[in-house]
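Since the structure comes first, as structure tokens, the remarks are kept for the end.
Side-chain atoms are counted along with the backbone in the values below, which use heavy atoms only and exclude waters and symmetry mates. Everything numeric in this text was worked out from a predicted model, so none of it was measured.
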Amino acid sequence: CDIDCTAVACGDSTVNTTAGEICDTGGESLTCDIDCTPALCGDSTVNVTSGETCDDGAASATCDADCTAAVCGDGVANTLAGESCDTSGETALCDIDCTFVSCGDAVVNTTAGEVCDDGINNGTSGSCSPDCLAAIP
């Protein structure tokens, strides 16, 4: 029982360490999860109040290590979600689809200097040269 002789209950705003509670703010808060443990990203408990949209305990195919959903363009490269890079958009190093820039990948990246990119057809039957820099007349 709690110090005030009431039954122990997580969420009663009374921390009872004997019962295993580390915190108890009366419910989920910025500092405390609904299970009366500290709110920490990576604890496998989603705490929406602290800004988590997911918490798989670590990075996963659906969740970034910062406890936000894995989305291409969010600035977090999540290899488990199929991203090799993520610069929040097209850059000279990263395509808009969160893959590294590569002539022949069928993704035109003008920031990296590509004028065209017909993928494996570059320089053969398409309108693009093998170096993605000039169209074949």
Side-chain angles (χ1 to χ4, degrees):
C1 95
D2 283 336
I3 198 161
D4 63 359
C5 296
T6 58
V8 174
C10 175
D12 64 3
S13 298
T14 302
V15 177
N16 186 313
T17 55
T18 306
E21 294 181 351
I22 298 170
C23 60
D24 191 333
T25 55
E28 181 181 275
S29 69
L30 286 173
T31 58
C32 191
D33 281 340
I34 196 78
D35 64 357
C36 294
T37 59
L40 302 169
C41 175
D43 64 2
S44 298
T45 301
V46 176
N47 185 310
V48 177
T49 306
S50 65
E52 294 180 359
T53 56
C54 59
D55 191 334
D56 292 342
S60 69
T62 57
C63 190
D64 287 337
D66 66 357
C67 294
T68 58
V71 177
C72 176
D74 63 5
V76 178
N78 184 327
T79 56
L80 298 171
E83 300 174 358
S84 53
C85 61
D86 191 332
T87 52
S88 300
E90 179 184 286
T91 64
L93 299 174
C94 191
D95 283 336
I96 195 75
D97 65 356
C98 293
T99 59
F100 287 114
V101 175
S102 175
C103 179
D105 63 4
V107 177
V108 176
N109 185 318
T110 55
T111 307
E114 292 183 345
V115 174
C116 56
D117 194 331
D118 290 335
I120 61 172
N121 295 319
N122 283 350
T124 58
S125 61
S127 59
C128 192
S129 66
D131 61 4
C132 296
L133 297 177
I136 298 173

Which pair of non-hydrogen atoms, one from Ser29 and one from Ala39, has the smallest distance, and what is that distance?
O-CB, 4.3 Å

Of the non-hydrogen atoms in Ala112 and Val101, which two are nearest, and what is the gap between them?
CB-CG1, 3.6 Å

For disulfide bond (SG atoms under 2.5 Å apart), just list the numbers for Cys36 and Cys10, CA-CA rounded to whole Å, side-chain angles, deciding distance to a tenth of an Å, and then say yes or no.
CA-CA 6 Å; Cys36 294; Cys10 175; 2.0 Å; yes

Residue list, side-chain contact (heavy atoms from CB on, under 4.5 Å) with Cys116, at least two apart or on another chain
Cys128

Starting at OG1 of Thr99, measure out to CG of Asp105 and round the result to the nearest 0.5 Å.
5.5 Å

Minimum heavy-atom separation for Ala65 and Cys41, please, with both atom names.
O-SG, 3.3 Å

Nearest heavy-atom neighbours spanning Cys63 and Asn78
O-ND2, 3.2 Å

Can you tell if the side chain of Leu93 reaches within under 4.5 Å of the side chain of Thr87, non-hydrogen atoms only?
no

Is a donor from one side chain sitting under 3.5 angstrom from an acceptor on the other, for Asn47 and Ser50?
yes

Interatomic distance, OG1@Thr68 vs CG@Asp74, rounded to 0.5 Å, equals 5.5 Å

Scanning both residues in full, the closest heavy-atom pair of Gly42 with Asp55 reads N-OD2, 3.0 Å

Just by modelled atom types, is the Asp97 backbone N or O under 3.5 Å from a matching donor or acceptor in the Asp95 side chain?
no

4.5 Å side-chain heavy-atom contact, Asn16 and Asp24:
no

What's the verdict on disulfide bond (SG atoms under 2.5 Å apart) for Cys67 and Cys54, showing C-alpha distance, side-chain angles and the deciding distance?
CA-CA 5 Å; Cys67 294; Cys54 59; over 6 Å; no

d(Thr14 OG1, Glu21 CD) to nearest 0.5 Å is 8.0 Å

Are any non-hydrogen side-chain atoms of Ile22 and Val15 less than 4.5 angstrom apart?
no

With heavy-atom distances below 4.5 Å as the criterion, would you say the side chains of Thr31 and Cys23 are in contact?
no

With the side chain counted from C-beta on, respond yes when Val107 and Glu114 share a heavy-atom pair under 4.5 Å apart, and no when they do not.
no

It should be assessed whether the SG atoms of Cys72 and Cys98 lie less than 2.5 angstrom apart.
yes

Calculate, to the nearest 0.5 Å, the distance between atoms CG and CG belonging to Asp64 and Asp56 respectively.
10.0 Å

Here the pair of heavy atoms bringing Gly26 nearest to Ser13 is CA-OG, 3.3 Å

CD-CG distance between Glu90 and Asn109, expressed to the nearest 0.5 angstrom:
3.5 Å

So, taking the atom named CG in Asp118 and the one named SG in Cys103, what distance separates them when rounded to the nearest 0.5 Å?
9.5 Å

